[in-house]
Amino acid sequence: ALATKQWALIAVLPALLATSTRRMALLGIAAAVAAALTLPALIANLGGFEQVARSAAGHNSLGASTTPENLWWPLADRVQVAVVGERYMAPAWVATVAHPLIVLAPIPLAVLLWLRPGRRRDDALGLLTLCLLLRCLLDQWNNDYYHLPFLLSLLAWETVRRPGVPRFTLAAAILLGLSFWPEQTRIFADSLASAPLRFALYVAWAVPFAAGVALALYRPTALEAARAEYHRRRGAAPRPAAVRDRADHGRRGEHAGQP
C-alpha cells in the first residue's frame, strides 16, 4: 500500500500524535522506508508503475465501478459494460473525488484531536481506527479485505483502553462477515440483484460505528455521561473507566493464580 496505493499515508498523522518526542526523526524514517519501497519499481518500469497507479486511483474506463458497500453507491447506475458485463457505475467525478478525500480526511481529524483538552497518547489508535474505517466507507470500490487494517487498529485500541474481551472488535468482525457474505462466492452477476440489501446492511452498522468511534475520541465526557445515564436507568451505579480497568485486571489476576 505504499508504492501504487498510498493508503499508508492515512497512518502518518496518527503515528505522529502517538509520540511526544522526535517527530521529525520518525517522519524522516517513514519517508525513507516509503522511498525504498517505491523507487525500485519506479525506476525499473516507469510506464508500468504509472499505469498501475492510475488504475488504483480509478483513472481508467472502469474507474467508476462501484461495490454496494460504500457511501457513494446510491449515486451509481446499473449499466452494461463491454466485455465485463453488467456493473454498477458511479458518476465519473466520484472516482476523482473519493480517493483524495480518503487521504485528506485525516488532516482535520488529527487537528481536532490535537486541540482536544486531556488528549491521551492511545487516542492516536482511535484516530487511526476512525481514518481506516472512513477509508472503506469513502472508497467506491470497497472490499472485505480493505477492513483488515481497521480491525487490527480497533483491536489494539480496545485492548489498550479496556482490558478484557474485545467486544467491539468481535462485533465489527461478525458484522463484516455478514455484510460481505455474498461476495465470497461471486463478486458480480449473481450479487448484483442483492446490492440494495448489501448497501443497507453495511451502512446500517458502519456509519453508526464510525460515529461512535468519533464520539469516543472527541467527546469522551459525553460518552461517559451517556453510559452513566444508561446505568441510572437500569438502577446500577456506573463505575469510572479507571475502576473498570482495575477490576478487569484484578479478575484476570485471580484466575491466573488458580491451580
Side-chain angles (χ1 to χ4, degrees), residues 1 7-15 17-19 67-71 102 105-106 109-110 112-113 116 119-139 142-184 198-224 226-228 230-231 238-253 255-256:
W7 304 129
L9 292 173
I10 294 173
V12 170
L13 291 179
L17 284 174
T19 181
T67 53
E69 295 85 3
N70 64 84
L71 295 178
I102 292 169
L109 294 175
L112 287 174
L113 184 59
R116 196 203 81 193
R119 174 173 52 88
R120 297 169 39 146
R121 181 173 295 184
D122 55 35
D123 284 335
L125 285 171
L127 176 62
L128 180 60
T129 300
L130 179 59
C131 293
L132 290 172
L133 181 54
L134 290 176
R135 175 262 189 274
C136 299
L137 279 165
L138 294 173
D139 194 328
N142 189 18
N143 283 293
D144 50 1
Y145 68 91
Y146 287 7
H147 296 80
L148 181 58
F150 154 70
L151 286 177
L152 293 175
S153 179
L154 175 61
L155 177 62
W157 187 36
E158 191 173 5
T159 301
V160 170
R161 267 297 175 91
R162 190 187 57 80
V165 177
R167 293 192 292 266
F168 291 107
T169 305
L170 291 174
I174 292 171
L175 289 167
L176 277 169
L178 293 174
S179 299
F180 287 90
W181 185 259
E183 297 294 289
Q184 307 309 315
R198 289 163 50 202
F199 166 77
L201 175 60
Y202 179 74
V203 171
W205 74 264
V207 171
F209 207 103
V213 172
L215 183 63
L217 272 179
Y218 302 108
R219 296 292 301 276
T221 55
L223 193 63
E224 285 294 330
R227 185 182 290 113
Y230 170 76
H231 285 286
R239 293 177 297 171
V243 175
R244 289 196 302 272
D245 292 349
R246 286 197 298 269
D248 289 335
H249 279 300
R251 283 195 296 269
R252 293 204 298 181
H255 291 314

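Quick note: numbers below take in every heavy atom, side chains included, and nothing from hydrogens, waters or symmetry partners. We count residues from 1, following the sequence as given.
- Among all heavy-atom pairs drawn from R167 and E158, the shortest one is N-OE2, 2.9 Å.
- The shortest non-hydrogen separation linking C131 to I10 is CB-CG2, 3.4 Å.
- Here the closest non-hydrogen pair linking A124 and P14 is CB-O, 3.2 Å.
- Residues S153 and L132 come closest through the heavy atom pair CB-CD1, 3.9 Å.
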**OP:** Please test L138 against L71 for side-chain contact (heavy atoms from CB on, under 4.5 Å), starting from the C-alpha separation and ending with a verdict.
**Re:** CA-CA 6 Å; L138 294 173; L71 295 178; 4.1 Å; yes
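- The side chain to side chain donor-acceptor pair (under 3.5 Å) check on R119 picks up nothing, with sequence neighbours excluded.
- If you take OG1 on T67 and CG on D144, they are separated by 10.0 Å, rounding to the nearest 0.5 Å.
- Applying the side chain to side chain donor-acceptor pair (under 3.5 Å) test to R121 and every residue at least two apart in sequence or in another chain returns S20.
- Panel note: side chain E69, backbone R198; no donor-acceptor pair is recorded below 3.5 Å.
- Considering every non-hydrogen atom in both F168 and L154, the closest pair reads O-CD2, 3.9 Å.
- Rounding to the nearest 0.5 Å gives a distance of 11.5 Å between CG of L130 and CG of D123.
- When every heavy atom of L113 is checked against every heavy atom of Y218, the shortest pair comes out as N-CE2, 3.5 Å.
- With sequence neighbours excluded, the residues satisfying side chain to side chain contact (heavy atoms under 4.5 Å, CB included) with P220 are R116.
- With a 4.5 Å cut-off on side-chain heavy atoms, L109 and L134 count as touching.
- Here the CG-CD1 distance, from L9 to I102, works out to 12.0 Å after rounding to the nearest 0.5 Å.
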Under 3.5 Å, which donor-acceptor pairs do the side chains of residues 199-217 form with other protein atoms, sequence neighbours left out?
{"unit_1": "Y202", "atom_1": "OH", "unit_2": "N142", "atom_2": "ND2", "d": "3.2"}
{"unit_1": "Y202", "atom_1": "OH", "unit_2": "H147", "atom_2": "NE2", "d": "2.7"}
{"unit_1": "W205", "atom_1": "NE1", "unit_2": "S179", "atom_2": "OG", "d": "2.9"}

Original post:
Going through the distances and angles, do L17 and L127 end up as a side-chain contact (heavy atoms from CB on, under 4.5 Å)?
Top reply: CA-CA 9 Å; L17 284 174; L127 176 62; 3.5 Å; yes
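- Figure legend: cation-pi geometry between R135 and F150 absent, as NZ or CZ is not positioned both under 6.0 Å from the six-membered ring centre and within 45° of its axis.
- Listed by chain and number, the residues in a side chain to side chain contact (heavy atoms under 4.5 Å, CB included) with T159 are L155 (sequence neighbours excluded).
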